[in-house]
Structures are given as C-alpha cells and as structure tokens.
Amino acid sequence: MSKLWQKTTNVNELVENFTVGRDREFDEQMAAFDVLGSLAHTRMLQSVGLMDDTDLELVQRELKTIYANIAKGGFKIDEHVEDVHSQVELLLTQRIGDAGKKIHSGRSRNDQVLVDLKLFFRHHLQEVVESTETLFRQLIELSEKHKDVLLPGYTHLQVAMPSSFGLWFGAYAESLVDDLELVLAAYRITNKNPLGSAAGYGSSFPLNRTLTTQLLGFDNLNYNVVYAQMGRGKTERIIAQAISTIAATLAKMAMDQTLYLSQNFSFVSYPDALTTGSSIMPHKKNPDVWEIMRGKCNRLQALPTDVAMMTTNLPSGYHRELQLLKELLFPAFSDLKHCLQMATFMLQNITVKTDILDDAKYAYLFSVEEVNRLTLSGTPFRDAYKQVGLAIEAGNFNPYKTVNHTHEGSIGNLGNEQIAASFDGLINNFDFGKVEQAIKGLVEWI
C-alpha cells in the first residue's frame with residue numbers, strides 16, 4: 001500500500017524500515033488520542049463549511065466505533081500501514097467511503113502528530129499525578145503514625161543528631177510537593193492546542209482553532225503556527241525534567257530503604273514475601289524492589305539529557321528524528337508510574353523498629369542536645385560545646401536521651417498539615433475534571 005504522502009515511486013525497503021523504525025509500536029499507544037483529535041477536527045470542519053452534516057455524522061459514528069475498539073484492545077496498525085493516522089483514515093475510507101477521505105482537510109501529519117502527543121502526554125501526566133498523590137498520602141499517614149519513633153540522623157554517613165520516622169516520611173512527602181510544581185509546569189505547557197498549525201505554517205482554509213481547543217479540553221492555543229511546531233521537542237524536554245525530578249526523589253528514598261533494611265542498620269523490615277533470598281545464603285532478605293527502583297529512577301534522571309541531545313540546535317520546522325523522542329518518553333512514563341506504585345505498595349507493608357536508639361553506639365547523637373541543654377541552663381554556648389567535647393574525649397559522656405524540638409518542621413512540630421495543604425493546592429490547579437468532561441462530550445456527541 002502506498003503512503004498518504006506518496007504519489008508514484010515506492011520507497012526502498014531498507015529506507016522504509018530504517019525511517020519507520022519502532023513508530024508503529026509506539027503509535028498504537030496513541031491510537032485513542034488520534035481518534036479524539038479527529039473527532040474534534042471533523043466537528044470543526046463542519047462548522048466552517050468544509051464537511052456537510054451527512055458526512056460528519058458518518059465520520060463521527062465510525063470514529064467512535066474505532067475508539068470503542070481501541071478501548072477493548074482490538075486496534076492494530078497493519079504491517080503495510082505507516083502509522084496510526086494512516087490506519088484510522090484507511091479504516092474510515094474502507095467502511096464509509098469518500099467521507100473518510102475528507103478528515104485530513106486543513107491539517108498535516110505534523111500537527112496531527114502534535115495533537116496526538118499533547119493528548120497522550122496530558123493523559124499520562126494525569127496518571128503520574130494520581131500515582132504521586134497516592135504515595136504522598138501514604139507518606140503523610142506514616143509520618144503521623146510514627147512521629148514519636150526516633151532514629152539516627154546522619155551527615156557524611158556519620159552518626160549526627162536525632163531524627164525520627166515522622167521526619168523521614170514527611171521529608172519525602174514534602175519533596176513530592178516540589179516535584180509536583182514541575183509536573184504542573186509541564187502539564188500547563190502540554191495542555192495547549194497545536195491543531196491547525198498544519199505543517200508549521202498554517203492553512204488557507206478558514207479553520208476555527210478556538211473550537212478544537214474547547215472540544216479537546218485544552219487550556220489554550222499554541223497561537224503562532226511556527227512555534228506550535230517548535231514546541232515539539234521542547235514539550236518533551238520539559239516533561240522529561242518533571243519525570244526526572246520525581247525519579248530523583250524515589251531514587252533517594254530507595255537508597256535509604258536499602259540501607260535501613262541492611263543488618264548494619266536494621267531500622268525497618270518487610271514481610272518475607274516482599275524481599276528475595278540468595279541461592280547459597282539462607283539468611284538473606286534482599287531489598288530487590290528498592291534496588292530495581294533505584295536503578296530505574298537513576299536512569300530516568302538521564303532523560304532530560306537524552307531529549308536535549310536529540311533536539312539541541314535543530315532549526316525551526318519539522319525534522320524526522322523528532323519521532324525518536326517517543327522511544328524515550330513513552331517507556332519513561334511507564335517506568336515512573338510503576339515505580340510510584342511499587343513505592344506505595346512497599347511502604348504499605350513497612351515495619352519500623354521502635355528501640356533503635358537504645359543501642360550504645362547512638363549515644364553521641366545527643367551531643368548537640370546536651371550542649372543546648374547546658375546553654376539553656378545558663379552556660380555560654382562555646383563553653384557548653386567545649387565541656388561536652390571534653391566529656392566525649394574522656395569517655396564519660398552520659399547524655400539525657402530526650403529531644404525537645406518545637407520549631408516548625410522539627411521532630412516535635414512536623415508541619416504535615418501545612419505540607420498537605422500545599423500539595424492539595426497544587427492538585428487543584430490541574431483541573432482534570434475539565435479535561436474529562438471535554439473528552440466525554442467528544443465521545444458522546446450525536
């Protein structure tokens with residue numbers, strides 16, 4: 001079968017295989033979004049007189065049939081078909097005739113791919129936010145539950161000062177708040193409509209781009225048609241930054257948990273079914289989930305560089321290597337969501353040790369507490385510091401093993417309520433309900 005853009009000569013098979021690459025594989029993941037774009041685009045075509053009511057009804061009905069088939073897992077791009085757009089148009093033409101050939105009026109494959117990607121990214125960013133929210137709620141719950149359980153804090157991997165599980169869980173919860181700020185920025189940049197920019201230079205058809213923006217639930221347009229095309233690559237780069245910042249939080253959490261589960265720390269434990277053993281050492285309980293998560297998330301932190309190397313110094317306009325960005329971003333979404341879900345699952349099954357600081361090796365944790373106690377009783381700080389230091393050197397340091405931290409964000413005043421309020425404020429800014437209502441309207445119209 002010839003391509004939609006092809007007129008006479010067939011492309012050499014080697015060229016075909018090299019240039020198409022894995023595009024069909026990733027395009028199938030965009031199929032539902034391609035149909036949504038066509039549902040909106042054809043309604044716009046009818047509104048400006050480029051499609052009559054009869055053809056619109058035929059196209060809309062068949063597009064919804066294809067959409068339902070995609071939802072059931074029954075859609076596949078044929079081997080001889082180049083991409084998802086060609087497959088959908090082929091199915092329409094086979095089933096309803098010439099009406100199916102009219103759906104491409106006023107658009108190029110360039111802006112069709114762009115809108116598909118925007119819809120795909122928007123959908124998966126929402127799923128990332130939802131998985132992040134589940135993990136956040138779990139962390140806040142654990143922070144409150146274990147707020148009075150102390151554990152060692154470290155600097156330079158040396159015993160430093162008292163910490164608590166309340167602080168540890170709460171720290172990662174607040175980290176996710178800042179991560180979500182970047183996700184929100186990525187979502188806002190993604191949620192702009194490029195449809196109608198055609199090949200990057202607009203169309204002489206009297207298109208109504210505001211209408212497709214509303215129908216697809218976008219917040220706004222990418223107004224300048226050249227910039228709409230320039231946004232491909234830039235959008236992916238910003239999304240990659242958002243993905244990588246959540247991955248950095250998860251990687252650090254995974255590293256902590258790997259240490260805490262080891263015998264040298266023994267701060268936490270998990271059910272046997274959530275750890276793995278050794279082929280020769282019967283005592284082993286390996287933290288494989290956290291280790292795999294650490295590896296995946298470290299790899300995700302390289303994602304912005306991968307995207308940058310693919311797009312740096314490209315001139316304006318479309319370039320074929322941009323399709324390779326799908327090979328970077330699509331699996332990244334899958335990996336990140338899986339890691340978020342597994343982190344939540346593991347923490348739902350965590351047991352924390354409540355008597356860690358009874359071990360004599362942690363006595364020096366309280367040196368600062370002792371200095372502060374002496375200072376509060378009237379001893380100048382520098383004298384108190386020297387007095388405690390000499391006691392440690394002499395081997396007769398015997399501190400009070402209590403903490404009295406009351407300021408905001410400390411052991412005795414975690415600030416979880418304020419952290420949760422910040423998170424909730426961010427969640428509300430995404431306005432997923434508006435998008436869901438728009439998609440529902442597209443699919444149910446007529």
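Values below: every heavy atom of this structure, side chains too, minus hydrogens, waters and symmetry copies.
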Peer 1: Report the C-alpha separation of L45 and F205 in whole Å, then their side-chain angles, then the decisive distance to 0.1 Å, and conclude whether the side-chain contact (heavy atoms from CB on, under 4.5 Å) test is met.
Peer 2: CA-CA 9 Å; L45 290 179; F205 287 123; over 6 Å; no
Peer 1: Quickly, which of R209, Q112, H41 forms a side chain to side chain contact (heavy atoms under 4.5 Å, CB included) with L195? Name it, please.
Peer 2: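 When R209, Q112, H41 are each tested with L195, the side chain to side chain contact (heavy atoms under 4.5 Å, CB included) holds only for H41.
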Peer 1: Spell out, as yes or no, whether a donor-acceptor pair under 3.5 Å connects the side chain of R107 to the backbone of S203.
Peer 2: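 The answer is no, because no donor-acceptor pair under 3.5 Å joins these two groups.
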Peer 1: Taking the side chain from D111 and the backbone from G196, do they hold a donor-acceptor pair closer than 3.5 Å?
Peer 2: yes
Peer 1: With a sphere of 6.0 Å drawn around NZ of K252, does it hold more than 12 non-hydrogen atoms of other residues, nucleotides or ligands?
Peer 2: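 Not more than 12 within 6.0 Å, no.
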Peer 1: Write down the atom of N222, the atom of A228, and the distance for their closest heavy-atom approach.
Peer 2: CB-CB, 3.9 Å
Peer 1: Given L274 and V289, is the side-chain contact (heavy atoms from CB on, under 4.5 Å) satisfied, shown in steps?
Peer 2: CA-CA 8 Å; L274 304 190; V289 169; 5.9 Å; no
Peer 1: Are any of the side-chain heavy atoms of L36 and V115 separated by less than 4.5 Å?
Peer 2: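 Answer no - side chains too far apart.
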Peer 1: Would L117 and K326 satisfy side-chain contact (heavy atoms from CB on, under 4.5 Å), going step by step from the backbone distance to the final call?
Peer 2: CA-CA 9 Å; L117 286 168; K326 287 183 278 189; 4.0 Å; yes
Peer 1: Salt bridge (charged side-chain N to carboxylate O under 4.0 Å, His left out): which pairs involve residues 390-412, sequence neighbours left out?
Peer 2: none
Peer 1: Do I356 and F265 have side chains that get closer than 4.5 Å, going by heavy atoms?
Peer 2: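 Sidechains of F265 and I356: no contact.
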Peer 1: Does any part of the side chain of L180, heavy atoms only, come nearer than 4.5 Å to the side chain of I427, both counted from C-beta?
Peer 2: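 Yes, at least one pair of side-chain atoms sits under 4.5 Å.
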Peer 1: Can you tell me if D83 uses its side chain to pair, donor with acceptor, with the backbone of S86 under 3.5 Å?
Peer 2: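 Indeed, once roles are kept as given, a pair shorter than 3.5 Å links the two residues.
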Peer 1: Looking at every heavy atom in both L300 and S244, which two are closest together, and how far apart are they?
Peer 2: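 Taking every non-hydrogen atom into account, O-CB, 3.6 Å.
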Peer 1: Do other residues, nucleotides or ligands put more than 12 heavy atoms under 6.0 Å from the CG atom of N398?
Peer 2: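 Incorrect, the count does not exceed 12.
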Peer 1: If only atom types and distance count, is the side chain of S131 paired as donor or acceptor with the main-chain N or O of E127 below 3.5 Å?
Peer 2: yes
Peer 1: Is the H405 ring parallel, tilted or perpendicular to the H407 ring (thresholds 30°, 60°)?
Peer 2: parallel
Peer 1: Once you measure the plane-to-plane angle for F120 and F33, does it fall in the parallel (<30°), tilted (30-60°) or perpendicular (>60°) bin?
Peer 2: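 Plane angle over 60°, so perpendicular.
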Peer 1: To check you understand the geometry: which heavy-atom pair defines the closest contact between L151 and S164, and what is its length?
Peer 2: CD2-C, 2.9 Å
Peer 1: Does I392, at its CD1 atom, have more than 12 non-hydrogen atoms belonging to other residues, nucleotides or ligands within less than 6.0 Å?
Peer 2: yes
Peer 1: Other residues, nucleotides and ligands only: do more than 12 of their heavy atoms fall within 6.0 Å of NE2 on H319?
Peer 2: yes
Peer 1: Walk me through whether K118 and F218 qualify under side-chain contact (heavy atoms from CB on, under 4.5 Å).
Peer 2: CA-CA 9 Å; K118 292 266 194 156; F218 285 115; 4.0 Å; yes
Peer 1: Grab the two heavy atoms, one from A363 and one from P399, that are nearest each other, plus how far apart they are.
Peer 2: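 Distance-wise, the nearest heavy atoms are O-CG, 3.8 Å.
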Peer 1: Would you say the side-chain atoms of D178 pair up with the backbone N or O of E174, donor to acceptor, closer than 3.5 Å?
Peer 2: no
Peer 1: Describe, in one word, how the ring planes of F267 and Y260 are oriented to each other, choosing from parallel (under 30°), tilted (30 to 60°) and perpendicular (over 60°).
Peer 2: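 F267 vs Y260 ring planes: tilted.
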Peer 1: Measuring only between side-chain heavy atoms, which start at C-beta, is N372 closer than 4.5 Å to N404?
Peer 2: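 Side-chain contact under 4.5 Å: no.
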Peer 1: If we only count heavy atoms from C-beta on, is the P152 to L357 side-chain gap below 4.5 Å?
Peer 2: yes
Peer 1: Side-chain contact test, heavy atoms from C-beta onward, threshold under 4.5 Å: evaluate it for L63 versus V88 and give yes or no.
Peer 2: yes
Peer 1: For Q229, is the CD atom crowded, meaning more than 12 foreign heavy atoms sit under 6.0 Å from it?
Peer 2: yes
Peer 1: Can you check whether R232's main-chain N or O pairs, donor with acceptor, with T235's side chain at less than 3.5 Å?
Peer 2: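 Absent.
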Peer 1: Under 3.5 Å, side chain of D355 to main-chain N/O of D358, donor-acceptor pair present?
Peer 2: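 No; judged by distance alone, with no hydrogens or angles, the pair does not exist.
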Peer 1: Sub-3.5 Å donor-acceptor pair from the side chain of S47 to the main-chain atoms of M44, do we have one?
Peer 2: yes
Peer 1: To the nearest 0.5 Å, what is the distance between CD (E370) and OG1 (T375)?
Peer 2: 10.0 Å
Peer 1: Would you say that more than 12 heavy atoms from the other residues, nucleotides or ligands in this model lie under 6.0 Å from the NZ of K440, or not?
Peer 2: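 Not buried by this count: 12 neighbours or fewer within 6.0 Å.
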Peer 1: Does D424 have any salt bridge (Lys or Arg N to Asp or Glu O under 4.0 Å) partners at least two apart in sequence or in another chain, and if so, which?
Peer 2: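 D424 satisfies salt bridge (Lys or Arg N to Asp or Glu O under 4.0 Å) with R137 only.
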Peer 1: Considering all heavy atoms of both residues, which atom of A198 and which atom of S108 are nearest to each other, and what is their separation?
Peer 2: C-CB, 3.4 Å
Peer 1: Would you find a donor on one side and an acceptor on the other, under 3.5 Å apart, between the side chain of S262 and the backbone of L259?
Peer 2: yes
Peer 1: Can you tell if the side chain of I411 reaches within under 4.5 Å of the side chain of L150, non-hydrogen atoms only?
Peer 2: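 Yes. Closest side-chain heavy atoms under 4.5 Å.
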Peer 1: Please assess T258 against E291 for the test side chain to side chain donor-acceptor pair (under 3.5 Å), listing each intermediate value before the final yes or no.
Peer 2: CA-CA 7 Å; T258 301; E291 290 175 326; 5.3 Å; no
Peer 1: Inspect the surroundings of OH in Y385 and state if more than 12 heavy atoms from other residues, nucleotides or ligands are less than 6.0 Å away.
Peer 2: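 Counting neighbours around OH of Y385, 12 or fewer heavy atoms of other residues, nucleotides or ligands fall under 6.0 Å, so no.
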Peer 1: Is the shortest heavy-atom distance from the side chain of I66 to the side chain of N69 under 4.5 Å?
Peer 2: no
Peer 1: Answer yes or no: is there a donor N or O on one side and an acceptor on the other, between the side chain of T245 and the main chain of Q241, under 3.5 Å?
Peer 2: no
Peer 1: Which atoms form the tightest heavy-atom contact between G231 and E236, and what is the distance?
Peer 2: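 In this case the closest contact between G231 and E236 is O-OE1, 4.1 Å.
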Peer 1: Evaluate the ring planes of F121 and F330, with Trp represented by its six-membered ring, and classify them as parallel (under 30°), tilted (30 to 60°) or perpendicular (over 60°).
Peer 2: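 The rings of F121 and F330 stand perpendicular, inter-plane angle above 60°.
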